[in-house]
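Each ligand, and each atom within it, is numbered from 1 in the order the structure gives. In what follows, every heavy atom counts, from backbone to side chain, and hydrogens, waters and symmetry copies are set aside.
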Amino acid sequence: METQRLQWHGKGSRVSIEEATTPIARVRDALNTDMVGQQVRVQGWVRTKRTSKAGVTFLEVNDGSGLRNLQIVVPESMPDYAAVVDAATTGASISASGMIIQSPAEGQETELRAESVEIVGSSPEYPLAKKRHSFEYLRTMAHLRPRTNTFGAVARVRNQVSWSIHRYFHEQGFLYVQTPIITGSDAEGAGQMFQVTSMDLKHLPVSEGLVDFSEDLFGRPTYLTVSGQLEAEIMATAMSSVYTFGPTFRAENSNTSRHLAEFWMVEPEVAFCDLDGLADLAEDFLKRIFSDVLNESAEDMAFFNQRIQPGIVESLERIANSDFVRLTYTEAIEVLQRSGRDFEFPVYWGADLQAEHERYLTEIQFDAPVILTDYPAEIKAFYMRLNPDGKTVAAMDVLVPGVGEIIGGSQREERYDVLLRRMKESGLDPEHYWWYLDLRRFGSVPHAGFGLGLERVVHFITGMQNIRDVIPFPRTPKNVEF
Ligand code: ATP
Ligand code: MN
């Protein structure tokens, strides 16, 4: 954990070290770090205020460094006591200096005995005072929800997971590459796309009844990317093992608890790798994320375990220490048909699996993460490698309890002729993908990759009910306020 946060003055000069601010999480932990008795300054936002009959005021303050608030004890003898205490209402930002002491009271190990408190910004009539608010309501208050326990914990776990992702791939020797957000490929096969244009939509240049895209900045239609995969393949067929980690956009009108219109996706792409190798990578990678978050965000995870989804810590521990179940799509269809369940969507070979089917497999049948492989070619993208049976492709999805699919990936078609045929069958114009085909002409290799939705994994880890509550500013149909 960082020890100090240096503040910046307006003129750009750093303040002296004596004026450095100590994160509240460190003050809370002072018994373990021998900091009791030290003089520190903390800065944060008031959660609650309570004044005792004896004329002492207790401020609960949080600065986002951890779940637990710091109790700041403000004695009546402090200069400006009455004015400061009056203004230190919920939501106010304060800067306080004093000594860390062992707390004589229940509820916290340490507290700060204030010698001075400065109100940095007052907050009369804070709208989220006291009572509990629903997550739906808090979505309408996304500018203040990070100040609640739940959303603070989500933000820290999300940060931990992002960091863990980078660390894992770095340790595995993957190269972090950036792929474009604006793309000219209009049919990557992953979902509905948002169009991007520099033209004035109120005065579109029209020629022969059609919009004339030669007037557009790029001289052709462009879109927000739905996946960095195709470009990641370019990089992988030179650099061997790469990953991208960036925003992705899907213009689907899906109002579910698992879909966002803008989300972050991690996409490793590995040359000289087949589907089995990819499944091994996915399993190892996920287990590492789970164990990292259990080790490094223990306090926040205990909160989710207690308040959001009882049992989540234990199930993550179990998952991190046992094998994922692996079976083919064809086997999964048989399991679903034998289940005797009355599914809303019919189960037959060739059907796309729905969330209800995925959740049956991972929650009821196996009670573990499941890696499903070898899907029918018709329901998967053109670039997935055709299996020898001619009917299925080397695709894989990783399913987890509570969420369903969190990873989708495949071994890519590396054979020029087969890829060309599959492209034409999918109604794509090979000329648009000349560069993608070229990779199969100049030193083609078996290669494979997957996409993991960051929000899906945070959704799973935290046990939050809705994916909109694991991204600070969710974009969903009719919702882009913040
Ligand atoms: P689903 O069937 O759940 O809609 P998908 O099969 O369309 O997902 P892929 O194209 O395989 O998704 O994308 C790879 C991964 O990106 C998914 O496994 C998931 O983790 C994540 N993902 C896909 N769509 C979304 C979305 N709309 N919101 C959040 N995450 C998503
Ligand atoms: Mn998928």
Original post:
Would you say the side chains of E414 and S444 form a donor-acceptor pair under 3.5 Å?
Top reply: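 S444 and E414 do not have a side-chain donor-acceptor pair below 3.5 Å.
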Could you tell me whether [X] and ligand 1 have an N or O pair separated by under 3.5 Å?
{"X": "M265", "result": "no"}
{"X": "L452", "result": "no"}
{"X": "L260", "result": "yes"}

**OP:** Answer yes or no as to whether an N/O/S atom of D397 is found below 2.8 Å from the Mn ion (ligand 2).
**Re:** no
Decide if the gap between the ring center of [X] and the ring center of [Y] is smaller than 6.0 angstrom.
{"X": "F460", "Y": "F290", "result": "yes"}
{"X": "Y168", "Y": "F174", "result": "no"}
{"X": "Y433", "Y": "F382", "result": "yes"}
{"X": "Y176", "Y": "H170", "result": "no"}

Using a 4.0 Å heavy-atom cut-off, which part of [X] comes near ligand 1: side chain, backbone, both, or neither?
{"X": "R250", "result": "side chain"}
{"X": "R258", "result": "both"}
{"X": "T248", "result": "neither"}

Subject >> Of the N, O or S atoms in E405, the one nearest the Mn ion (ligand 2) >> reply: OE2
Original post:
How about F343 and H357: do any of their side-chain heavy atoms sit closer than 4.5 Å?
Top reply: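 Yes; the side chains approach each other to less than 4.5 Å.
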Subject >> Option of least heavy-atom distance to atom 5 (P) of ligand 1 (set: E455, E405, H259, R475) >> reply: E405
